[in-house]
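Worksheet: the structure to be examined is printed underneath.
What's counted below: heavy atoms across the whole structure, side chains too, no hydrogens, waters or symmetry copies. Computed from a predicted structure; not experimentally measured.
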Amino acid sequence: MSKGPRDAVVVTGIGLVSPVGNGVQECWQALLEGKSGIGEIRSFDTAAFRTHCGGEVKVHTLARYLQATRPSSTVGKGSLFAIAAAKMAVEDAGIDLNDIDPFRLGVCCGTTMGECQLLEKIDEQFVGDRDCSIDADLLRFYPPQLIPCNVARELGAGGPVHMITTACAAGNYAIGYAVDLIKEGVIDLALAGGVDPLSRVAFTGFNSMLAVSPEACQPFDLKRRGILVSEGSGMLLLERASDARARSAHIYAEIAGYGISNDAYHMTSPHPDARGAISAMQGALREAGVGIHEVDYISAHGTGTAANDRIETYAIKQVFQKHAFNIPVSSIKSMIGHTMGAASAIEAAVCALAIDQGFIPPTINYVTPDPQCDLDYVPNHSRKARINVALSNAFAFGGNCSALLLSRHA
Amino acid sequence: MSRVVITGAGIVSPIGIGRNIFWSNLTGGVSGVRATECLSYPGLAGPIQAAMVEADLSALLPCRQSVWNGTRTTSFALAAARLALDDAGLDLTTLNLKTVGIAFGTTLSCLSLMSRYDRQAIEEGPRLANPGVFPDTGFSAPSCRLSVLLGPCAFNVTLSNGETSVLDAIEYACTFIRAGRAEMVLVGGSEELSPESMFGFANSRRAKAKATTDGQENPRRNARKSPAYGEGAAVVVLESMEHAQRRSCRVLSEILSSSSTCEPLRIMDPRLGVHHGRLAVQNALNKAQVQPQQIDFVCCGANSSRGSDAVEARVLDGIFGARKPLRTAPKVVLGDSYSAGGAMQVVTASLALHTGVVPPTASKDPGQLRRGFTDSGQASQPQIGLVTSFATTGANAALVLKSADVAGC
């Protein structure tokens with residue numbers, strides 16, 4: 001493999017685990033058809049909650065990718081999702097990792113809640129039996145870095161392994177840093193993305209903040225009522241363009257740049273002037289050397305909360321000026337819910353697919369326009385379009401803002 | 001490529017708050033490890049040997065701790081950041097905060113608050129859950145509080161890589177400074193001890209004890225068979241050499257290089273990963289263009305656990321051969337504070353380079369002394385130091401630091 005440090009970094013493999021389906025074909029087709037993956041939550045009892053809906057992955061459909069994985073008692077659900085998505089990405093890239101120096105293969109992963117379901121089990125045991133028959137092994141497998149470590153173990157990776165925990169923007173951070181590591185010559189290949197299993201703590205938290213919609217997620221709609229907590233994983237196989245070309249690999253898109261910033265304002269509310277969001281988008285454009293008129297599609301953070309969608313729209317208009325009204329902006333969270341740390345990784349994959357396939361997935365459940373959200377949100381139906389440049393926004397608790405810019409690789 | 005230097009250090013540790021008292025106690029061999037009863041949890045027998053921060057930090061905090069729901073991880077982080085900024089002679093009100101970033105390492109972070117939040121919701125019903133608590137339960141909450149309360153906004157990242165988190169955060173920060181995305185970065189780590197974390201550590205320790213029947217070399221063969229855990233935070237100010245020179249500030253050390261690898265099978269068998277660890281150290285030395293014989297001391301991640309100490313010892317023996325540079329293991333007196341431990345190692349190494357004294361490993365174990373661990377503070381005028389960390393989950397990280405005098409700062 002070449003070690004050219006400033007070669008472009010490209011996406012050659014995609015792995016998707018989501019409530020609307022797993023793998024590129026199934027998930028992409030469902031998104032283009034505007035299918036919803038939302039339903040009543042089954043993995044825990046929601047009777048005492050205000051709301052009962054969310055997105056859940058059909059775990060049994062991942063069996064093919066998890067046959068060699070160690071028993072689930074020592075591998076949390078987050079690891080299982082990430083392992084499956086990573087193996088899909090490797091398979092999709094058509095690469096034989098046995099041909100790769102393991103120390104040149106890294107894993108960068110992002111998450112919001114990590115393996116929180118293990119802590120939740122301990123808490124249930126604690127509350128149920130204070131004299132204690134707590135399953136002590138559970139907490140041993142709680143630390144979030146075990147997720148990328150388990151991915152590395154399954155793939156035989158020996159290079160840097162990172163878990164970035166910047167909540168709902170974590171996938172973008174992980175992908176961006178993996179690109180940095182390849183460009184710096186630290187590694188040649190990376191599995192990068194995000195993961196989050198459905199978490200009762202997250203469901204409790206967002207419900208307590210009255211930020212969860214009772215049924216449908218309606219980004220940018222006047223009557224939007226909040227997010228839908230969901231789960232999934234998105235993993236990208238990243239490598240240098242020259243390496244991809246040398247092995248005649250299919251290149252979905254190039255990761256042309258990224259920008260990250262922080263509002264430095266509030267733990268949950270976005271800055272009223274969208275300071276961080278604007279800075280992140282401008283940073284991504286600057287790093288990629290792309291002008292505002294070149295952007296063909298924006299994958300919005302688009303959570304369906306009143307504040308996010310209004311501020312994100314404002315930020316896009318500030319960055320793109322009049323051109324903002326010409327850019328299709330959609331949110332796949334309307335279909336798969338908010339997969340937390342996985343969200344931006346799945347959305348990055350969607351941007352790569354939009355560039356590669358020439359379609360834009362829709363924002364479903366869009367009924368009533370909001371005067372404050374007045375862009376083209378690709379309502380309810382996917383759209384055929386040639387996409388050369390796509391921008392993927394992701395924002396998070398604590399004011400963390402990110403934007404990843406993908407482009408057609410020449 | 002920009003050279004990156006450390007110009008300030010702030011520390012909240014079991015042996016002192018602020019770098020002067022910390023350094024005085026560390027070089028004096030003062031231990032913060034005590035028997036404590038305050039970490040009880042079902043199934044956890046007390047008292048427990050632990051190094052806890054007992055000082056009142058309120059004078060160092062920007063507002064009342066209730067603002068961040070009292071999580072000590074966040075309190076430690078804020079106090080250490082304030083001390084680091086003061087130490088670097090920085091006033092945030094005069095800085096362009098768009099050029100200042102934060103790279104933080106914490107892994108258990110606010111585990112205790114999250115668990116309490118969850119248990120309360122189970123017991124009293126989720127409709128009574130306090131919406132103001134949830135945002136402070138996240139892994140990134142301490143780091144984000146730094147931005148929200150202090151203002152740096154170039155970027156804010158949290159790495160949750162266990163013991164190697166902060167060495168990895170330093171590499172992240174250096175990447176951002178060199179790429180021109182930030183001029184200055186606050187890099188640190190913070191962890192709190194809680195009944196929940198101690199329960200996890202205790203179980204992990206049992207698991208390791210079961211797995212370790214190795215008979216391998218162990219730098220702590222006659223010492224404790226398991227770590228004493230600790231807590232606290234340390235933050236260092238990183239900036240480009242040009243930036244530091246522009247403001248004519250004192251430089252503690254220069255970061256020459258860092259490197260990391262991972263042997264993910266180590267979670268199953270703590271003896272594994274010597275080759276991977278050696279590669280991390282060798283890569284760091286190669287990137288720094290430094291020969292092993294130029295390393296004057298090693299600030300080890302050794303924490304008295306059989307598995308990872310044995311790996312570290314074998315890695316260092318492989319790198320240095322018969323020549324044994326001074327080795328110091330601050331966790332012996334600070335306890336193993338998980339992600340924060342790496343930050344404390346970086347501060348220790350920087351201060352060793354700055355003051356010319358390598359602190360002792362406060363142990364009387366002859367096995368350690370034979371292997372090069374310092375038994376008293378040694379005024380050896382070190383010029384280049386190596387920091388190593390070998391995580392229980394398999395990550396290995398190494399950092400090479402250079403004295404500011406040698407670096408021509």
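Put simply, the side chain of E124(A) does not reach to within 4.5 Å of the side chain of R119(B), judged on heavy atoms. In this structure, the side chains of H266(A) and V148(B) stay at 4.5 Å or more apart for every pair of heavy atoms. Counting only heavy atoms from C-beta outward, the side chains of N400(A) and F155(B) never approach each other to under 4.5 Å. Side-chain contact between P160(A) and C262(B) is absent, with no heavy-atom pair separated by less than 4.5 Å. Put simply, the side chain of V186(A) reaches to within 4.5 Å of the side chain of E171(B), judged on heavy atoms. Between F139(B) and P144(A), some side-chain heavy-atom pair lies under the 4.5 Å cut-off. Contact annotation: the side chain of D118(B) approaches that of R200(A) to within less than 4.5 Å [non-hydrogen atoms, C-beta and beyond]. Residues F103(A) and H276(B) meet the side-chain proximity criterion, which asks for heavy atoms closer than 4.5 Å.
Side chain to side chain, S208(A) and Y117(B) meet the donor-acceptor criterion of an N or O pair below 3.5 Å. A donor atom on one side chain and an acceptor atom on the other are found under 3.5 Å apart for D123(A) and S115(B).
Neither the backbone nor the side chain of R178(B) comes within less than 4.5 Å of any heavy atom in chain A.
Taking each heavy atom of N156(B) and Y173(A) in turn, the nearest pair found is O-CE2, 3.5 Å. Between T204(A) and A129(B) the shortest heavy-atom distance is CG2-CB, 3.7 Å. The two residues M267(A) and C144(B) have their closest heavy-atom pair at SD-CB, 3.9 Å.
Distance alone, capped at 3.5 Å, is enough to place a donor-acceptor pair between the S261(A) side chain and the C153(B) backbone. Panel note: side chain N161(B), backbone H162(A); no donor-acceptor pair is recorded below 3.5 Å.
Chain A forms the most heavy-atom pairs under 4.5 Å with one residue out of G125(B), G394(B), G162(B), S197(B), and that residue is G162(B). Across W68(B), F176(B), F134(B), Y338(B), the residue that shares the most heavy-atom pairs under 4.5 angstrom with chain A is F134(B). No other option in R145(B), K287(B), R266(B) has as many heavy-atom pairs under 4.5 Å with chain A as R145(B).
Note that R127(B) lies outside the cation-pi zone of F49(A), set by a 6.0 Å cut-off to the ring centre and a 45° limit from the axis.
Between Y177(A) and Y172(B), the ring planes are tilted. Angles from 30° to 60° get that label.
In this structure, the separation between CG on N130(B) and CE on M209(A) is 10.5 Å, given to the nearest 0.5 Å.
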Stepwise side-chain contact (heavy atoms from CB on, under 4.5 Å) test for E196(B) and F126(A): CA-CA 11 Å; E196(B) 291 81 5; F126(A) 183 98; over 6 Å; no
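With a 6.0 Å radius and a threshold of 12 heavy atoms from other residues, nucleotides or ligands, K98(B) has its NZ atom at or below the threshold.
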